[in-house]
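Quick notes on the structure that follows.
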Amino acid sequence: AQSVAQPEDQVNVAEGNPLTVKCTYSVSGNPYLFWYVQYPNRGLQFLLKYITGDNLVKGSYGFEAEFNKSQTSFHLKKPSALVSDSALYFCAVRDGWDSNYQLIWGAGTKLIIKP
Amino acid sequence: DAMVIQNPRYQVTQFGKPVTLSCSQTLNHNVMYWYQQKSSQAPKLLFHYYDKDFNNEADTPDNFQSRRPNTSFCFLDIRSPGLGDAAMYLCATSRDHTGDGYTFGSGTRLTVV
């Protein structure tokens, strides 16, 4: 069965410091991995995805994520956090070999950037 | 810009009074999804359409129905809203079954009084 874990309910970072939001996954086949961000009372916005290719994926708003197959992780990172990055972040996965193409969502991590 | 639009942004309905939420898209995507999201939790898939094919999640209550009259529009009907149905309802689209991500609308916040 497919699953996604975001082990931290909340991450606190000072503005200007690097940030990491963790995500680990479990799929039996080929992982397709996604990060989305949600601002208050808004829908989810796509940040980046990994399907194949380079393990380091660059996305919107200066975010990047590194696919690590051996650790089954896809952590979201940013070198220098902004207060405006404060939001709810969701990791999602689907098995690219599975005909069930729906995304499996992590529980979300609330990111708080303090000035 | 191509996008997914949900109306209204905020909806207040009375307990037991049918309510319809709407979603439209200009992306010409094959797949449209309806999600329910409560209290900053992960979104929960209610059902989706691949073109005209309707796919219901096993645990979606019968109280929730959906219609997709054409490619651009999809509706969520709640036949008899209960207090527990108060939530953010998110519409999303995707081009097909491949690795494309989803495009979400801004959501409709439903309050049941």
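- Among the residues in residues 66-90 of chain A, those with a non-hydrogen atom closer than 4.5 angstrom to a non-hydrogen atom of chain B are L88(A), F90(A).
- Every side chain to side chain donor-acceptor pair (under 3.5 Å) that K58(A) has, sequence neighbours left out, goes to E64(A).
- The environment of CG in D59(B) is crowded: more than 12 heavy-atom neighbours from other residues, nucleotides or ligands sit within 6.0 Å.
- Remark: K44(B) NZ is packed, more than 12 non-hydrogen atoms of other residues, nucleotides or ligands lying under 6.0 Å away.
- Criterion: ILVMFWY side-chain heavy atoms under 4.5 Å apart, direct or through other members. Under it, F63(A) and L33(A) are part of a common hydrophobic cluster.
- For Y50(A), no part lies under 4.5 angstrom from a heavy atom of chain B.
- Applying the 6.0 Å contact sphere to CG of N70(B) captures more than 12 heavy atoms from other residues, nucleotides or ligands.
- Judged by distance alone, with hydrogens and angles left aside, the side-chain atoms of Y102(B) form a donor-acceptor pair with the main-chain N or O of L103(A) at under 3.5 Å.
- Placement of Y35(B) and Y10(B) in two distinct hydrophobic clusters is found when ILVMFWY residues are connected by side-chain heavy-atom separations under 4.5 Å, directly or transitively.
- Residues F15(B) and V19(B) share a single hydrophobic cluster, defined by chaining ILVMFWY side chains whose heavy atoms lie under 4.5 Å apart.
- V57(A) and V93(A) fall within a single hydrophobic cluster, where Ile, Leu, Val, Met, Phe, Trp and Tyr side chains are chained together by heavy-atom contacts under 4.5 Å.
- Contacts between Q37(B) and chain A at a heavy-atom distance below 4.5 Å involve the side chain alone, from C-beta outward.
- Residues from residues 40-47 of chain A that place a non-hydrogen atom less than 4.5 Å from a non-hydrogen atom of chain B comprise N41(A), R42(A), G43(A), L44(A), F46(A), given in numerical order.
- Across G106(A) and A42(B), no two heavy atoms sit closer than the pair O-CB, 3.1 Å.
- Within 6.0 Å of NZ in K114(A) there are 12 or fewer heavy atoms belonging to other residues, nucleotides or ligands.
- In this structure, the portion of Q38(A) lying under 4.5 Å from any heavy atom of chain B is its side chain and not its backbone.
- Not counting sequence neighbours, C74(B) has no partner by the disulfide bond (SG atoms under 2.5 Å apart) test.
- The hydrophobic cluster containing F34(A) does not contain I104(A), counting ILVMFWY residues as joined when their side-chain heavy atoms lie under 4.5 angstrom apart, directly or transitively.
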